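Notes follow the structure.
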Amino acid sequence: MSHQTSLGTSVPQANCLDLWREKNDQLVRQAKVAQDAGLPLRRQQLAQDALEGLRGLLRSLQGLPAAVPVLHLELTVICNFITLRASLAQGFIEDQAQDIQQGLERVLETQEQLGPRLECGLKELWNSILHASSPLLELLPALHHLAGLQVALWLSTDCLGDLTLLLQTLNGSQSGASEDLLMLLKTWSPPAKKSDAPLTLQDARGLRDVLLTASAFRQGLQELITGNLHRALSNLHEAASALKGGSNSGPPLLEASRLYRQLGNTVAELESLELLVEALSITPSSEVPHLLIEVELLLPRPDPASPLHCGTQSQVKHLLASRCLQTERAEDAAEHYLDLLALLLDGSEPKFSPPPCPPGPCMPEVFLEAAAALIQAGRAQDALTVCEELLSRTSSLHPKVPQLWEDARKGTKESPHCPPWVSATYLLQGQAWVQLGARKEAISEFSRCLELLFRATPKDKEQGPPSNCEQGCTSNVALQQLRAAALISRGLEWVASGQDTKALQDFLLSVQVCPGNRDASFHLLQNLKRLDRRDEATALWRRLEAQTKLPQENATWSLPLYLETCLSWIRPPDHETLLGEFRTSLPEPCDL
């Protein structure tokens with residue numbers, strides 16, 4: 001065969017096709033190498049160079065009259081160009097619809113059908129090509145690939161009607177066929193590529209799986225909006241199960257966990273969170289092909305404040321650990337918190353340095369919650385270790401107790417600022433010693449906590465605004481409850497050692513510093529009864545009886561989780577039972 005050809009020949013020679021195909025394959029390999037490049041700037045430059053190379057190659061191919069032998073390569077280059085461009089732009093843009101339309105018009109040129117359809121839209125072009133009387137079988141793999149990109153574009157822009165019609169046509173469905181998007185995507189079976197076909201960045205079947213997952217997630221969210229929780233869960237789980245891990249599976253699993261929590265299914269909620277932690281911990285294997293068009297490109301991108309933002313592995317791990325602690329799964333909570341601390345401290349996750357703290361779980365609060373979980377699980381010695389680690393890492397942020405005593409002796413009015421979580425650390429250390437039966441050490445820790453709480457002055461405005469970490473525990477309510485917890489805890493140790501008079505002082509002060517803490521009042525009532533101070537006990541009992549008859553208002557504030565947990569340990573038995581027992585012990589009549 002002669003290698004000479006006239007410029008007017010519509011079909012280029014085989015060696016030209018080979019060169020163009022080789023160029024396509026080289027650019028595809030370059031784009032894939034760019035994904036593995038270590039430096040972000042280097043990765044971006046390699047991908048951008050590949051994109052410009054594909055643009056130039058496409059311009060060369062489309063500069064020739066449309067011909068079937070070249071069109072398969074041309075459509076493949078269009079698909080690669082659109083895929084890489086969408087990846088770099090992190091989404092689809094309007095120009096990509098024009099790229100698809102130009103490719104479809106080139107197909108119609110080969111069938112001499114373009115003339116009257118020049119002004120047709122994408123929907124009409126697809127209908128003409130897929131319903132052609134003499135379909136171009138050799139172009140079907142490339143056309144299905146291009147159709148997949150069209151589905152992705154319409155899915156990202158909510159053109160669900162056109163999308164449904166296109167899938168019905170691809171599936172050879174007749175009028176009246178199913179309009180269920182998930183069913184249509186499952187039914188769609190793109191033709192397999194031939195072994196000698198030009199290279200693609202992402203084949204049609206891989207793209208179909210991404211579309212199926214994104215559609216299931218979107219449909220799950222829609223069911224959630226309409227209030228159909230069970231169908232929403234079904235779709236969200238289907239979306240998550242189609243993914244092999246990584247951040248893509250985050251939103252469906254996170255939303256599923258929230259739905260389970262709303263339905264009161266704690267076991268399923270925690271299972272969803274565990275799957276999410278596992279998914280976020282997976283490092284993509286080099287053997288698994290990278291997907292340039294991923295599920296997240298087809299969904300509205302959540303900002304960090306959005307409920308669909310699943311955050312980092314450490315943030316999700318914190319959510320799982322805290323939910324276990326809240327639902328009284330102490331052993332699981334303890335293990336999850338220890339894993340979280342290891343994750344944060346080994347350098348694989350961003351550091352949380354107080355103050356100030358970045359968004360997400362604050363490092364001191366993570367330590368405190370971990371200590372609380374360990375105490376709850378009966379692991380007091382481990383809790384002491386966690387508290388000591390926190391104090392050693394933040395020693396520069398809090399004054400020593402002897403310094404406070406010296407300031408008090410000298411009458412110094414201004415004491416150095418001390419973050420409240422430092423006091424909370426001593427409170428938890430005291431509770432750990434209580435569990436270990438070391439009463440003397442426990443009382444000492446509670447006293448150190450109280451010294452810091454009552455001696456140190458609040459942070460003034462000149463020192464700047466409080467950090468994120470401090471905002472959670474510096475409200476008046478939180479500080480009052482923290483003081484009450486320390487006073488009650490020390491009072492209970494005085495009671496255990498037979499020193500009811502000292503306990504009385506702590507219980508009285510706890511009622512004064514935190515009038516809204518009913519637990520403090522009940523401990524005081526029991527203490528007055530033990531000391532046989534019947535008149536005072538009776539007066540307090542009458543006030544408590546009157547309070548129980550008043551309508552209870554829902555609390556408009558929340559406390560840090562570690563403090564809520566600590567308060568639960570010092571809560572007396574059922575209040576009504578205590579009041580009833582005291583009522584039966586009163587002499588008849590009892591007039592004051």
Side-chain angles (χ1 to χ4, degrees), residues 318 322 325 352-373 375 383 386-401 403-405 407-408 414-432 444-490 506 509-510 512-517 519-520 555 557-570:
H318 176 258
S322 61
L325 184 55
F352 296 96
S353 303
C357 298
C362 166
M363 181 64 95
E365 289 202 20
V366 170
F367 271 90
L368 294 172
E369 289 173 13
I375 295 172
V386 168
C387 290
E388 290 166 3
E389 179 70 14
L390 173 59
L391 291 176
S392 68
R393 286 177 172 269
T394 59
S395 58
S396 62
L397 298 177
H398 52 87
K400 303 301 181 183
V401 171
Q403 176 188 344
L404 296 175
W405 287 340
D407 290 340
E414 294 296 329
S415 299
H417 167 70
C418 177
W421 47 261
V422 177
S423 304
T425 306
Y426 291 121
L427 172 64
L428 288 170
Q429 286 189 148
Q431 291 293 346
S444 175
E445 296 294 344
F446 294 142
S447 297
R448 296 179 76 183
C449 170
L450 291 167
E451 285 286 346
L452 291 175
L453 286 172
F454 286 107
R455 295 287 187 185
T457 59
K459 188 173 185 178
D460 56 38
K461 294 181 180 179
E462 293 181 358
Q463 293 174 287
S467 67
N468 292 341
C469 181
E470 292 178 281
Q471 288 175 354
C473 54
T474 55
S475 68
N476 287 336
V477 172
L479 288 175
Q480 287 176 356
Q481 295 287 347
L482 186 57
R483 292 185 182 114
L487 287 165
I488 293 172
S489 297
R490 190 172 68 175
D506 282 341
L509 189 53
S510 68
Q512 292 173 13
V513 300
C514 191
N517 190 315
D519 293 339
W557 42 264
S558 61
L559 297 175
L561 179 56
Y562 65 84
L563 183 53
E564 288 182 348
T565 306
C566 188
L567 288 170
S568 71
W569 301 330
I570 56 177

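Here the structure is a predicted model, which is why all the values come from computation and not from measurement.
Leu427 contributes atom CG, which lies 11.5 Å from atom CG of Leu452 (distance to the nearest 0.5 angstrom). Ser423 contributes atom OG, which lies 12.0 Å from atom CD of Glu445 (distance to the nearest 0.5 angstrom). To the nearest 0.5 Å, atom CG of residue Leu450 and atom CG of residue Asp506 are 7.0 Å apart. For the atom pair Phe454 CZ and Cys449 SG, the distance stands at 9.0 Å (nearest 0.5 Å). Distance check: Tyr562 OH to Thr425 OG1 gives 8.0 Å after rounding to the nearest 0.5 Å.
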Discussion item. Evaluate Val422 against Leu391 for side-chain contact (heavy atoms from CB on, under 4.5 Å), listing each step before the verdict.
Written reply: CA-CA 7 Å; Val422 177; Leu391 291 176; 4.2 Å; yes
Discussion item. Run the side-chain contact (heavy atoms from CB on, under 4.5 Å) test on Glu365 and Trp421 for me, step by step, so that the C-alpha distance in whole Å, both residues' side-chain angles and the decisive distance to 0.1 Å come before the verdict.
Written reply: CA-CA 7 Å; Glu365 289 202 20; Trp421 47 261; 5.7 Å; no
Item to complete: Apply the test side-chain contact (heavy atoms from CB on, under 4.5 Å) to residues Gln429 and Glu388: give CA-CA distance (whole Å), side-chain angles for both, the deciding distance (0.1 Å), then the verdict.
Response: CA-CA 9 Å; Gln429 286 189 148; Glu388 290 166 3; 3.8 Å; yes
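Counting heavy atoms from C-beta on, the side chains of Tyr426 and Glu451 never come closer than 4.5 Å. Within the 4.5 Å cutoff, no side-chain heavy atoms of Ile570 are placed close to those of Asp519. Inter-residue side-chain proximity for Pro560 and Leu368 is flagged as unmet; no heavy-atom pair is nearer than 4.5 Å.
For the residue pair Ala373 and Leu325, the shortest heavy atom distance occurs at CA-CD1, 3.9 Å. A pairwise comparison of heavy atoms in Glu369 and Ser322 identifies OE1-CB, 4.4 Å as the closest pair. Taking both residues in full, the closest heavy atoms of Pro420 and Leu482 are given as O-CD2, 3.8 Å, listed atom of the first, atom of the second, then distance. What you find for Ala383 and Ala371 is that their closest heavy atoms are CB-O, 3.6 Å. Residues Leu428 and Ile375 share a closest heavy-atom pair of O-CD1, 3.4 Å. Minimum heavy-atom separation, Gln481 to Leu563: CB-CD2, 4.0 Å.
There is a side-chain donor-acceptor pair under 3.5 Å between Ser489 and Gln431.
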